[in-house]
Trainee: 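This is the structure I have questions about; it appears just below.
Nothing here was measured: the structure is a model prediction, and the numbers come from that model. In the text below, chain A, chain B and the rest are named by the order of the sequence lines, each starting its count at 1.
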Number of protein chains: 2
Amino acid sequence: MKTLKYSRQRESIKTCLMGRKDHPTADALYTSIREQFPNISLGTVYRNLNLLVELGEIRKFSCGDGTDHFDYDTSPHYHFVCRHCGKITDVPMNAAADLEDDASHFIEGNIESHTVFFYGCCGDCLKNQTLY
Amino acid sequence: MKTLKYSRQRESIKTCLMGRKDHPTADALYTSIREQFPNISLGTVYRNLNLLVELGEIRKFSCGDGTDHFDYDTSPHYHFVCRHCGKITDVPMNAAADLEDDASHFIEGNIESHTVFFYGCCGDCLKNQTLY
DNA sequence: CCATAAATAATAATTATTATTAATATTAGA
DNA sequence: TCTAATATTAATAATAATTATTATTTATGG
């Protein structure tokens with residue numbers, strides 16, 4: 001009977017993540033939140049983010065840049081990662097329903113979910129292409 | 001005119017990775033290789049793995065368990081990750097050719113590649129289900 | 001051979017994340 | 001409303017993964 005007790009820090013983490021359309025890391029979120037809570041601890045951010053993931057209120061994913069990213073949108077959707085600037089954007093296509101069915105023919109176990117990451121060069125970086 | 005000099009350490013890293021059908025981490029590979037090269041350095045393993053990735057001879061990916069994994073198979077293919085034991089297996093379905101086309105309608109930039117990870121419970125862990 | 005550029009082993013440093021702990025804040029019940 | 005019980009916090013230490021530094025060794029063109 002572990003009751004979850006309210007904390008304003010966790011609340012601010014949720015609202016802060018909700019308000020962002022990028023997919024911040026724990027450290028980026030920590031920086032943002034410190035504007036309102038100057039002495040919040042990085043450990044508190046990490047612990048609450050992982051707690052919220054366990055509760056299913058947010059999502060955590062890694063796209064290959066070495067750090068975990070967090071997403072307030074828990075609905076199944078895909079991401080596009082820019083190889084130049086690292087920006088992560090949602091891909092508003094509907095998840096391919098048949099992908100898991102197709103895959104299930106080739107593996108022994110049960111498939112519960114899947115993720116898709118597209119990699120390339122984002123529009124902004126294409127404009128500044130002269131820089132590369 | 002940066003000439004790549006031969007090293008038996010790098011050679012052993014390649015052949016070791018080639019001989020494995022799992023998708024080892026740098027540290028797992030380090031452990032294996034030390035049987036033949038007892039005093040190879042972990043830094044050497046990391047440096048050469050990243051070099052081989054740059055050369056396009058191997059692939060690096062992260063599946064969400066916090067560490068990078070390496071794959072000798074550079075052809076586009078998908079992976080299945082067991083949430084219980086962490087085992088990563090290839091999914092021998094052919095990559096969905098239309099996925100990138102579909103996604104391209106929803107984003108500004110250029111898509112160069114994509115990855116798909118399926119998550120679930122592998123066959124071995126399903127058998128031992130009583131353990132959970 | 002030999003000179004030299006590149007690779008190595010050993011180690012230090014960095015980064016991302018988790019664990020510990022004593023103090024504080026929240027809440028359930030008297 | 002008070003108070004005791006306990007979850008949460010801030011601060012800090014610890015750990016794990018990875019990268020950088022440096023002195024030494026090695027492969028290779030001349």
Trainee: Rounded to the Å, how far apart are A:Tyr30 OH and C:dT15 P?
Mentor: 15 Å
Trainee: About how many Å separate CG of B:Asn110 and SG of A:Cys121, when rounded to the nearest 0.5 Å?
Mentor: 6.5 Å
Trainee: Among A:Arg10, A:Glu11, A:Lys14, find the one that has a side chain to side chain donor-acceptor pair (under 3.5 Å) with A:Asn48.
Mentor: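 Option passing the side chain to side chain donor-acceptor pair (under 3.5 Å) with A:Asn48: A:Arg10.
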Trainee: Between A:Phe117 and A:Tyr119, what is the ring plane arrangement, given parallel below 30°, perpendicular above 60°, and tilted in between?
Mentor: tilted
Trainee: Give a yes or no on this: more than 12 heavy atoms of other residues, nucleotides or ligands lie within 6.0 Å of atom CD of A:Glu100.
Mentor: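 Check passes, neighbour count above 12.
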Trainee: Please confirm whether the shortest side-chain N or O distance from A:Arg47 to OP1 or OP2 of D:dT9 is below 4.0 Å.
Mentor: yes
Trainee: Using the side-chain heavy atoms of A:Ser41, tell me which of these nucleotides is nearest: D:dT8, D:dT12, C:dT8.
Mentor: D:dT12
Trainee: How close or far is atom P of D:dT8 from atom CZ of A:Phe37, stated in whole angstroms?
Mentor: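 The distance from CZ of A:Phe37 to P of D:dT8 comes to 15 Å, rounded to the nearest Å.
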Trainee: How would you label the contact of A:Thr44 with the nucleic acid (heavy atoms, under 4.0 Å): base, sugar-phosphate, or nothing?
Mentor: base
Trainee: Counting heavy atoms from C-beta on, name the nucleotide in C:dA7, D:dA11, C:dA6 closest to the side chain of A:Asn39.
Mentor: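 Of the options given, the side chain of A:Asn39 lies nearest D:dA11.
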Trainee: Mapping B:Tyr6 and B:Ala26 to their closest nucleotides on DNA chain D, which lands nearer the 5' end?
Mentor: B:Ala26
Trainee: At under 4.0 Å between heavy atoms, what does A:Asn50 touch on the DNA or RNA strands: base, sugar-phosphate, or nothing?
Mentor: sugar-phosphate
Trainee: Looking at C:dT8, I'd like to know if its phosphate oxygens (OP1 or OP2) sit under 4.0 Å from a side-chain N or O belonging to B:Asn48.
Mentor: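 Yes, within the criterion.
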Trainee: Could you give the CG-to-C1' distance, from B:Leu42 to C:dA12, as a whole number of Å?
Mentor: 14 Å
Trainee: When the distance from NE2 of A:His69 to P of C:dT15 is rounded to whole Å, what number comes out?
Mentor: 16 Å
Trainee: Rounded to the Å, how far apart are A:Asp68 CG and D:dT18 P?
Mentor: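 The distance from CG of A:Asp68 to P of D:dT18 comes to 12 Å, rounded to the nearest Å.
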Trainee: Take atom CD of A:Gln9 and atom C1' of C:dA23, then tell me their distance rounded to the nearest Å.
Mentor: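 Distance check: A:Gln9 CD to C:dA23 C1' gives 13 Å.
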Trainee: Could you check B:Thr67 against B:Arg8 and say which one's nearest nucleotide on DNA chain D is further toward the 5' end?
Mentor: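 It is B:Thr67 whose nearest nucleotide is closer to the 5' end.
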Trainee: How is A:Ile40 classified with respect to the nucleic acid when contacts are heavy atoms under 4.0 Å: base, sugar-phosphate, or nothing?
Mentor: sugar-phosphate
Trainee: Please tell me if A:Tyr46 has a side-chain N or O lying less than 4.0 Å from either OP1 or OP2 of C:dT18.
Mentor: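 For C:dT18, neither OP1 nor OP2 has a side-chain N or O of A:Tyr46 closer than 4.0 Å.
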Trainee: Please report the distance, rounded to the nearest Å, between NZ in B:Lys5 and C1' in C:dT8.
Mentor: 10 Å
Trainee: Say whether, by atom type as modelled, one donor and one acceptor occur between the side chain of A:His69 and the main chain of A:His23 under 3.5 angstrom.
Mentor: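 Side chain of A:His69 to backbone of A:His23, a donor-acceptor pair under 3.5 Å: yes, one is there.
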Trainee: Nearest-Å distance, CD (B:Glu11) to P (D:dT26)?
Mentor: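 For the pair B:Glu11 CD and D:dT26 P, the rounded distance is 18 Å.
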